[in-house]
Amino acid sequence: MAATTTSRGSWGSSFGFILAAAGSAIGLGNIWGFPYKASQSGGAAFVALYLICVLIVGIPVMFAELSIGRSTQKSPVSAFRALAPRSAWWLVGAQGVLSGFCILAFYSVIAGWTLGYLYMAITGRFTAGVSLEQSEAMFDGLRGNPAVVVLWTGGFFVLSILVVRGGVHGGIERASRVLMPVFFFLLVGLAVRATTLEGGAAGVHFLFNVDFSKVTADVVLDALSQAFFSMSLGMGAMITYGSYLARRENLPRAGLTVGLSDTAIALLSGLMIFPALFAAGATPTEGPGLVFVVLPTIFDAMPAGVAFAVAFYALLVIAALTSSISLLEVITAFFVDELRWGRERAVWLFGGVCFALAVPCALWSGFMDLLIMIFFDYALLVGGLFICLFVGWRWKPAGAIAEMRAEGRSFPGLSGWGLLIRFFCPVVIAIIIANQLWSALKPAGQ
Ligand code: PHE
């Protein structure tokens, strides 16, 4: 760990940070969640709203989180304590650690499916012309086999633990430096293949031809919670990753790069999935099974389909891994910073405890859906709201701007950012949460 400058660890370079933070952001949310949400919420209308949410809420919150992290050089709970001593703001950090814990539990189960599918692809299960019904049966067969799912989930936990135990520079950054370029290469290859398939153009049309009549309040909140999840915001991952960033780096520029790469990758994954679907004559209505049910039916029809199947599920595994290590890092950093535990001990113990929570997720889809509803639909938005209120009203934008301008770095529009984070973002997030609660609580049919 030659580049480590403090005992907590730090990124070797700004590029190392960008790869690791982009690795956190780019995950199943982009490749599994984004196409799934887009297919449920009107295709291009969702995509347009998503882009707006990223630009006017996501990127500003990203700057806020990174500034909190870097200025304190601490993980979320300690960071809020340092900036607002003797107050209850640390609870925002604590909520983040809890969210990280619960998200990791359900995330690892889905990641476990991806490992299972990678194995099936390698062993040639998708070669013999799989029909939609057969594919559905395979997906249900995997999910309905507790021993197998728990095994794959456990395997995935071990992979994440092995990376995080290596530390910030020697584990997370090193893994990201290898995995992210491989990921990018696979994704571009698959997207080019899909868009050039006969009939693939309809998928591009579905993704980019906006019909605003499809925009409802539900689509707006779906787009915002998807943006928070996809950019790893609202639970302290970016506070934690920012805390390992050197002060000489241009923070807003790095944050913008991460946010825009995440968005570009979501679009690119849409360009991989929808053309492939339309080319195969399938309709994008499959829900969460989209990438697990529909895609296996089309590999067979492609030249070199096995290679593409292996590449696709390897892509999903990599995306999941670089994200889950950031979730595990938030939990680990909390125990290392707050309780002065050794990293090795914290990561095995809490990786293990989290796995124990993943087991019921793997066994009962109702429990998994409940965690997804609480932590995907609400917790990240609530966390994001409090982060805006904290930076806008307690720490004050001037404090964060001074941090972003540290060591003479400059970035345009930071005073406008201050206004967004103080007024606009919290109001938008609050309205969307209130609306979400309202539609969840009102009696059906009203
Ligand atoms: N951003 C990740 C994804 O898109 C998920 C994630 C959420 C990771 C929150 C860390 C924190 O899959």
Side-chain angles (χ1 to χ4, degrees), residues 3 9-34 54 58-59 62 65-66 69 75 100 103-104 107-108 110-111 114-115 118 156-157 159-188 227-245 249 251 253-269 311 313-333 347 351 380:
S10 61
W11 307 114
S13 67
S14 141
F15 186 58
F17 161 77
I18 288 172
L19 283 181
S24 166
I26 297 165
L28 295 174
N30 301 59
I31 302 176
W32 171 76
F34 179 79
V54 166
I59 303 260
M62 171 81 85
E65 286 202 27
L66 291 175
S75 57
I103 291 175
L104 183 58
Y107 201 82
S108 302
I110 305 170
T114 67
L115 269 183
L118 178 60
F156 189 79
F157 263 101
L159 284 180
S160 308
I161 290 172
L162 289 178
V163 174
V164 174
R165 72 181 276 279
V168 177
H169 181 64
I172 301 175
E173 182 174 345
R174 209 166 70 175
S176 308
R177 272 180 186 272
V178 178
L179 293 175
M180 291 314 285
V182 174
F183 168 89
F184 188 70
F185 174 76
L186 288 176
L187 181 62
V188 171
F228 266 77
F229 186 82
S230 185
M231 295 171 85
S232 306
L233 298 174
M235 47 72 67
M238 290 300 159
I239 297 181
T240 308
Y241 273 25
S243 76
Y244 306 126
L245 187 64
E249 311 293 358
L251 183 152
R253 197 199 296 154
L256 188 68
T257 312
V258 171
L260 294 182
S261 331
D262 180 63
T263 309
I265 296 294
L267 293 174
L268 206 53
S269 88
Y313 291 108
L315 179 86
L316 279 177
V317 170
I318 294 175
L321 185 61
T322 53
S323 296
S324 66
I325 57 182
S326 73
L327 291 158
L328 190 56
E329 176 61 22
V330 172
I331 308 165
T332 306
V347 77
L380 298 183

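Each residue takes its place number in the sequence, starting with 1. Predicted model, so just to flag it, every value in this text is computed and none were measured.
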Hey, does the side chain of [X] reach the backbone of [Y] with a donor-acceptor pair shorter than 3.5 angstrom?
{"X": "S323", "Y": "I26", "result": "yes"}
{"X": "Y241", "Y": "E329", "result": "no"}
{"X": "S269", "Y": "A266", "result": "yes"}
{"X": "E249", "Y": "A254", "result": "no"}

Assess whether side chain to side chain contact (heavy atoms under 4.5 Å, CB included) is satisfied between L28 and T114, documenting all intermediate values.
CA-CA 10 Å; L28 295 174; T114 67; 4.0 Å; yes

Side chains of T257 and S261: closer than 4.5 Å at any heavy-atom pair?
yes

Is there a side-chain contact between F34 and L267 in this structure, where contact means two heavy atoms from C-beta onward sitting under 4.5 Å apart?
yes

What's the shortest heavy-atom distance between [X] and [Y], and which atoms?
{"X": "A175", "Y": "V163", "result": "CB-CG1, 3.8 Å"}
{"X": "L380", "Y": "L233", "result": "CD2-O, 3.5 Å"}
{"X": "F183", "Y": "A319", "result": "CE1-CB, 3.7 Å"}
{"X": "M235", "Y": "E65", "result": "N-OE2, 4.1 Å"}
{"X": "L66", "Y": "M238", "result": "CD2-O, 3.2 Å"}
{"X": "I172", "Y": "A20", "result": "CG2-CB, 4.1 Å"}

Verify the neighbour count for atom CZ of R177: are there more than 12 heavy atoms of other residues, nucleotides or ligands below 6.0 Å?
yes

When rounded to the nearest 0.5 angstrom, what distance separates [atom1] in [X] from [atom2] in [Y]?
{"X": "L19", "Y": "F17", "atom1": "CG", "atom2": "CZ", "answer": "10.5 Å"}
{"X": "S14", "Y": "L251", "atom1": "OG", "atom2": "CG", "answer": "10.0 Å"}
{"X": "L256", "Y": "M62", "atom1": "CG", "atom2": "CE", "answer": "9.0 Å"}
{"X": "L315", "Y": "F184", "atom1": "CG", "atom2": "CZ", "answer": "11.5 Å"}
{"X": "I59", "Y": "L260", "atom1": "CD1", "atom2": "CG", "answer": "4.5 Å"}
{"X": "I31", "Y": "I318", "atom1": "CD1", "atom2": "CD1", "answer": "9.0 Å"}

Run the side chain to side chain contact (heavy atoms under 4.5 Å, CB included) test on I18 and W11 for me, step by step, so that the C-alpha distance in whole Å, both residues' side-chain angles and the decisive distance to 0.1 Å come before the verdict.
CA-CA 9 Å; I18 288 172; W11 307 114; over 6 Å; no

With sequence neighbours left out, the residues meeting side-chain hydrogen bond (donor to acceptor under 3.5 Å, both in side chains) with T322 are none

Between D262 and V54, is the side chain to side chain contact (heavy atoms under 4.5 Å, CB included) condition met? List the steps.
CA-CA 10 Å; D262 180 63; V54 166; over 6 Å; no

When S160, S24, S108 are each screened for side-chain hydrogen bond (donor to acceptor under 3.5 Å, both in side chains) with S324, the one that passes is S160

